[in-house]
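In this text the structure is predicted, and so the values were computed from the model without any measurement.
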Amino acid sequence: VHIADVSHFVYPGTQVDDIARKRTTSVYLIQKVIPMLPRKLCENLCSLNPGVDRFSFSVVWVMDKQGKVHKTKFGKSLISSCAKLHYAHAQDMIDDPDREFDEDYLPEITGGFTARDISKRVNILHTIAQVLRQKRKDTGSISIQQCKLAFSLNKEDGMQPVLGHINREKATNLSKSSC
């Protein structure tokens with residue numbers, strides 16, 4: 001698991017640091033995002049874009065398919081992501097693990113990986129997530145149902161929501177602990 005290391009670009013006590021501390025997070029509204037950091041940083045230099053070396057903080061687990069962790073390592077790293085999937089892409093891989101994805105359907109894949117390689121890894125993570133979720137349930141954990149509420153906006157002014165719907169995606173469970 002990797003998260004961008006912004007400390008190479010945002011220094012303590014600077015104006016950018018002060019603004020980021022006040023915002024504490026990016027805010028996702030229906031029609032736009034208000035980023036915590038300036039767009040050049042959050043969309044480029046501090047984004048784990050595929051095929052580009054990026055500084056990150058990482059936790060690396062060596063685990064088996066039952067979710068048993070055999071080794072853990074925390075630290076700073078330099079990574080090059082191979083793809084930037086949307087949840088819908090990962091969900092399609094979970095829903096149809098044997099599907100052959102067209103090149104134009106998925107975002108660019110780099111580093112010599114194929115859609116098949118990525119689908120296989122997504123499904124391994126999904127299997128581990130299911131095992132861990134069941135273990136939590138078996139030991140009495142509370143299950144909080146988290147749904148993603150989505151809106152379609154009025155095309156005339158781009159503001160008034162005209163339709164709301166709820167999405168429940170398995171793919172979000174690969175990176176978040178939820179139902």
Side-chain angles (χ1 to χ4, degrees), residues 1-7 24-28 30 33 35-36 42-43 46-151 164-179:
V1 175
H2 310 282
I3 186 168
D5 179 1
V6 300
S7 68
T24 67
T25 188
S26 295
V27 177
Y28 296 85
I30 294 173
V33 175
M36 180 176 74
C42 67
E43 294 174 0
C46 298
S47 182
L48 303 180
N49 292 322
V52 182
D53 289 344
R54 292 291 189 236
F55 296 109
S56 64
F57 285 106
S58 301
V59 57
V60 178
W61 293 286
V62 175
M63 65 174 62
D64 58 34
K65 288 186 178 184
Q66 284 67 47
K68 182 177 179 186
V69 177
H70 297 280
K71 186 177 177 183
T72 303
K73 181 181 177 183
F74 294 88
K76 290 188 172 201
S77 59
L78 183 67
I79 70 161
S80 181
S81 174
C82 67
K84 190 174 190 175
L85 297 181
H86 295 271
Y87 284 125
H89 295 131
Q91 187 65 54
D92 287 344
M93 292 175 178
I94 290 167
D95 291 341
D96 190 359
D98 297 320
R99 177 176 168 186
E100 294 294 330
F101 291 92
D102 296 330
E103 279 187 33
D104 57 340
Y105 173 73
L106 295 173
E108 178 186 10
I109 299 172
T110 65
F113 290 93
T114 66
R116 186 88 218 115
D117 296 329
I118 294 170
S119 180
K120 182 178 177 182
R121 285 164 174 81
V122 165
N123 279 283
I124 289 170
L125 290 172
H126 177 62
T127 299
I128 293 170
Q130 288 177 308
V131 169
L132 293 175
R133 196 173 308 109
Q134 188 61 49
K135 282 182 182 181
R136 285 194 310 270
K137 184 178 178 183
D138 292 347
T139 57
S141 71
I142 297 172
S143 176
I144 299 173
Q145 302 293 321
Q146 294 180 338
C147 301
K148 181 180 179 182
L149 185 59
F151 292 94
H165 61 277
I166 296 174
N167 291 336
R168 287 193 178 137
E169 299 172 332
K170 296 174 193 169
T172 59
N173 295 331
L174 297 176
S175 62
K176 297 185 227 175
S177 179
S178 64
C179 55

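Of the residues listed (Gln134, Arg133, Lys135), the one engaging Val131 in a side chain to side chain contact (heavy atoms under 4.5 Å, CB included) is Lys135, and it is the only one.
The environment of Ile3 atom CD1 is sparse: at most 12 non-hydrogen atoms of other residues, nucleotides or ligands sit within 6.0 angstrom. The 12-atom threshold is not exceeded at NZ of Lys120, counting heavy atoms of other residues, nucleotides or ligands nearer than 6.0 Å.
Here SG of Cys46 is found 10.5 Å from CZ of Phe55. Values are rounded to the nearest 0.5 Å. Here CG of Leu48 is found 8.0 Å from NE2 of His2. Values are rounded to the nearest 0.5 Å. One finds the CG atom of Asn49 at 4.5 Å from the NZ atom of Lys84 (value rounded to the nearest 0.5 Å). Here Ile94 contributes atom CD1 and His126 contributes atom NE2; the two are 5.0 Å apart, rounded to the nearest 0.5 Å. Note: Leu125 CG to Met63 CE = 8.5 Å, rounded to the nearest 0.5 Å. Distance check, rounded to the nearest 0.5 Å: CD of Gln66 to OG1 of Thr127 gives 10.0 Å.
Between Ile109 and Ile118, some side-chain heavy-atom pair lies under the 4.5 Å cut-off. Between Val122 and Leu85 there is a side-chain heavy-atom pair separated by less than 4.5 Å. Arg116 has its side chain within reach of Glu100: a pair of non-hydrogen atoms, C-beta onward, lies under 4.5 Å apart. Contact of the Cys82 side chain with the Pro50 side chain is not registered, since no non-hydrogen atoms from C-beta on lie closer than 4.5 Å.
Nearest heavy atoms, Thr110 versus Gly51: OG1-N, 3.3 Å. Nearest heavy atom pair, residue Thr114 against residue Asp117, reads N-OD2, 2.9 Å.
Checking side-chain atoms of Arg54 against main-chain N and O of Ser47 turns up a donor-acceptor pair under 3.5 Å.
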List, one per line, each side-chain donor-acceptor pair under 3.5 Å for residues 70-78, sequence neighbours excluded.
residue, atom, partner, partner atom, Å
His70, NE2, Asp64, OD2, 3.0
Ser77, OG, Ser56, OG, 2.7
Ser77, OG, Ser58, OG, 2.5

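Partners of Phe101 by side-chain contact (heavy atoms from CB on, under 4.5 Å), not counting sequence neighbours, listed by chain and number: Asp92, Met93, Arg99, Tyr105, Leu106, Ala115, Ser119.
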